[in-house]
Visitor: 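Got a structure here, written out as structure tokens. Questions coming.
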There are 2 protein chains.
Amino acid sequence: MHDVVRRPTIIDVAKKAGVSKSTVSLVLQNSPLVRAETRSHVREAMAELGYVYNRAAANLRSSNAGLIGLVINDLRNPFFTQFATSLQMALSARGYAAVIANTDEDPTLQAQVVEAMIEHGVSAVIISSTYGENGGAFEALGRAGIPAMQVLRKTNAHVETFPFAGPDYLEGGRLATAHLLEQGAKHIAFVGGLQGRDVTRERMEGYLSVLQESELEPVVLTGRSSRSFGREMARRLEKEHPEVDAVLCFNDQVALGLLSGCAEIGRRVGRTFRIVGFDDIEEAAESWPPLTSVRCDIAGFGQSIAGTVLDWLENDKMPAPETRTPVTLMVRDSSNRDS
Amino acid sequence: MHDVVRRPTIIDVAKKAGVSKSTVSLVLQNSPLVRAETRSHVREAMAELGYVYNRAAANLRSSNAGLIGLVINDLRNPFFTQFATSLQMALSARGYAAVIANTDEDPTLQAQVVEAMIEHGVSAVIISSTYGENGGAFEALGRAGIPAMQVLRKTNAHVETFPFAGPDYLEGGRLATAHLLEQGAKHIAFVGGLQGRDVTRERMEGYLSVLQESELEPVVLTGRSSRSFGREMARRLEKEHPEVDAVLCFNDQVALGLLSGCAEIGRRVGRTFRIVGFDDIEEAAESWPPLTSVRCDIAGFGQSIAGTVLDWLENDKMPAPETRTPVTLMVRDSSNRDS
DNA sequence: GACAGAATTTGGAACGTTCTAATAAGAGAT
DNA sequence: ATCTCTTATTAGAACGTTCCAAATTCTGTC
């Protein structure tokens, strides 16, 4: 049975402590108006009755539910998981709870979950949106006047309304390509990432700009961003582009897949065939060989986004329309090993 | 600016549609009491005004927030991520939202987030709890009279109050060990998993029982359940237990780490050194060699838990105190390949 | 001991729903 | 036209907070 035992309310507490409900409310809000002695009486009464604060009721009157919505396009990808958990924990630490939803890259589903979050009275939404016809979600957010931030992927142009923050993918593409070049690679391929998406385009732009400077021919194999795609590409590269001696992957999933594909076909990875990933997920350091990767410090990014959004909420400090956080290159054996 | 434009309420809708707020409320609840024609008028008015349902207000009166709390000990582990996402999506599909929190195996943090969830008025909690002094969370749940289910890990003995559901770890341990034996392994080790924890004990029990039948000596190396631990164990096994020709790992993280450790020290994995993982996370099929693993169908499990909890909530159908879901063995090359 | 000003405390309306009990409208039957 | 059902609709009291304006209690001063 879970029939409720009727939770004590602010009024029960007031009665027990011999004060008015208004006073109890003030105590709840840590108001300096209430006398220290009274405060502690009230606190005692709350403890004795096992009082729990009812945010729904509070919200009804003052609307700040302490709920933040987090909408993620692919929560199964460790990159996003790490982002979501670090964000959630940072919010938790500041007294907010997170409603998290995975949209599986489905715009319709995304619109639904955003709608649901609005119903639940979230105070803000942080969204790594799907591509495609994703207008519904943003329209709903706009209509409801809920502060919303785009992260990791800029899929909606209205950055004045929905500010964007993400890693500097372009610079990452540059760094990685320059590194491979420096290591002596002569034919560098770019593998993975769906064509036409900003996240792909930016990385590729970095890659292309560096190649151009050194007058090398690009080899581009866009596609899904999954491990299995990466794995397939090992064979395909060997067959169709045997000259390629280095690969910049769209993300670590692709890179790890490629690594495993190379093991499968018996191709050594290191000095003769270099692989660089993107994102630097935790796992990158644990693969064999350990994966060189563009580090976005996704955990730190999550924390900082939490700060940004709460600042927006609490101090009405709107974030800049576009923020790019710096990236670095973690050089490991996959691009730099005797083989 | 995010100053609200005052959202239309049920009363605005009523005025617009020329009915009373009670009628609008009935429409909202799809009550058969209201005439079809009236219903569509009201619906139109809602659409025109851009009305959004305020669950906080509704909850205040009737207390079913449509919010489910999901507490996870290690959300960065893909096994739990896959569980959480499949559960969340199943809840979403039935009109519930999920408040998800990661506790990072910290009982104090866990108590905090559970408390926060209760404040937010969750209708139920699904918890894969930390070990250790985790009483606080359960006590709070009990006091609040909130239906709560333990999943994946049974850390609280009061299964009458907090029913448990999880995979049949014991059977998994048995299956895997029997498989290795069948393949001709002579010295099978068990690697990973913290000692003394139910989840470890059960798997190990399966392992030990099968070994006993065939009068083989067990080799047990418990420890963390991380990739890096698995990776370290490759070296350690080679040095301290060179006779070992097969390993059953506590989970896939350990197994994948071990796989990468073997690559590191140049030990071939397959017929001469067999590895079996546990959980069958998505990645297991993509490693090289592909990892044999005990499949818990975690995505299916997540969905079924969603069903169980909503059944409890909506139809007052309390789940059995303990449910074990069957496991199967996915045989892949890591235990069965020419090497 | 009265008075002003500061420090505390309080009553009551409001927030947007649900739900009960009561009312109104419609359809047959007399 | 009246009465009885049934079918639709509605008024108004909850729900547990917050917050304003007003009331009360303290302090110190004269």
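So that the names make sense, note that chain A is the first sequence line, chain B the second, and so on, each numbered from 1.
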Visitor: Tell me: CG of A/D12 to P of D/dC15, nearest whole Å?
Guide: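 Taking atom P of D/dC15 as the reference, CG of A/D12 is at 11 Å.
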
Visitor: Going by atom types only, do B/T85 and A/N102 share a side-chain donor-acceptor pair under 3.5 Å?
Guide: no

Visitor: Tell me yes or no: between the side chains of B/N73 and B/S128, is some donor less than 3.5 Å from an acceptor?
Guide: yes

Visitor: Checking A/S25 against A/Q29: is there a side-chain donor and acceptor pair closer than 3.5 Å?
Guide: yes

Visitor: Go nucleotide by nucleotide along DNA chain C from the 5' end; which of B/V24 and A/V34 gets its closest nucleotide reached first?
Guide: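 The residue mapped nearer the 5' terminus is A/V34.
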
Visitor: Taking only the side-chain heavy atoms of A/T9 (C-beta and beyond), determine which of C/dT17, D/dT17, C/dG12 contains the nearest atom.
Guide: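 That would be D/dT17.
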
Visitor: Quick one: does B/R61 reach the base of C/dT17 with a side-chain donor-acceptor pair under 3.5 Å?
Guide: no

Visitor: Please give me every residue in residues 41-53 of chain A whose heavy atoms get under 4.0 Å of an atom in DNA chain D, ordered by residue number.
Guide: A/Y51, A/V52, A/Y53

Visitor: Drop me the distance from A/L109's CG to B/S92's OG, to the nearest 0.5 angstrom.
Guide: 6.0 Å

Visitor: Do B/S129 and B/N134 have side-chain N/O donor and acceptor atoms under 3.5 Å apart?
Guide: yes

Visitor: With respect to the side chain of B/Q29, which nucleotide from D/dT10, C/dT8, C/dT18 is positioned closest?
Guide: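 Shortest atom-to-atom distance from the side chain points to C/dT18.
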
Visitor: Could you give the CZ-to-C1' distance, from B/R39 to D/dT7, as a whole number of Å?
Guide: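 My rounded result for the distance is 14 Å.
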
Visitor: What is the distance, rounded to the nearest whole Å, between atom NZ of A/K21 and atom P of C/dA14?
Guide: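 In whole Å, C/dA14 P lies 13 Å from A/K21 NZ.
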
Visitor: Under 4.0 Å between any heavy atoms, over every strand shown, what does B/S25 touch: base, sugar-phosphate, or nothing? Just pick one.
Guide: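 The answer is base, as B/S25 lies within the cut-off (heavy atoms under 4.0 Å) of a base atom.
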
Visitor: Measure from the side chain of B/S62, starting at C-beta and using heavy atoms only, and say which of C/dT18, D/dT18, D/dG12 lies closest.
Guide: C/dT18

Visitor: With a cut-off of less than 4.0 Å, is there a side-chain N or O of B/T38 near OP1 or OP2 of D/dA8?
Guide: no

Visitor: To the nearest Å, give me how far apart NE2 (B/H120) and C1' (D/dG16) are.
Guide: 16 Å

Visitor: Closer than 4.0 angstrom, basic N to acidic O: yes or no for A/R43 and A/E48?
Guide: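 Looking at A/R43 and A/E48, the cut-off is not met.
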
Visitor: From D/dT18, D/dT10, C/dT17, pick the nucleotide closest to the side chain of A/L28?
Guide: D/dT18

Visitor: Side chains of A/S123 and A/N64: is there a donor and an acceptor less than 3.5 Å apart?
Guide: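 Present: a donor and an acceptor within the cut-off.
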
Visitor: When you measure from the side chain of B/L60, which nucleotide among D/dG16, D/dT9, D/dT17 comes out closest?
Guide: D/dG16

Visitor: Hey, does B/T23 reach any base, or is it just sugar-phosphate, or nothing, if we go heavy atoms under 4.0 Å?
Guide: base

Visitor: In whole angstrom, give the distance that lies between atom CZ of A/R35 and atom C1' of C/dA6.
Guide: 14 Å

Visitor: Rounding to an integer number of Å, can you tell me how far B/L26 CG sits from C/dC19 P?
Guide: 9 Å

Visitor: How many Å lie between CG on B/N30 and P on C/dC19, as a whole number?
Guide: 14 Å

Visitor: Whole-Å distance between D/dC15 P and A/R55 CZ?
Guide: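 Between P of D/dC15 and CZ of A/R55: 22 Å.
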
Visitor: Side chain of A/V19 only, please: which of C/dT18, C/dT10, D/dT9 is the nearest?
Guide: C/dT10

Visitor: Under the 3.5 Å rule, do the base of D/dA11 and the side chain of B/S20 count as making a donor-acceptor pair?
Guide: no

Visitor: Return yes if some donor-acceptor pair links the side-chain N/O of A/T23 with the main-chain N/O of A/V19 below 3.5 Å, else return no.
Guide: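 Not a single qualifying donor-acceptor pair exists.
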
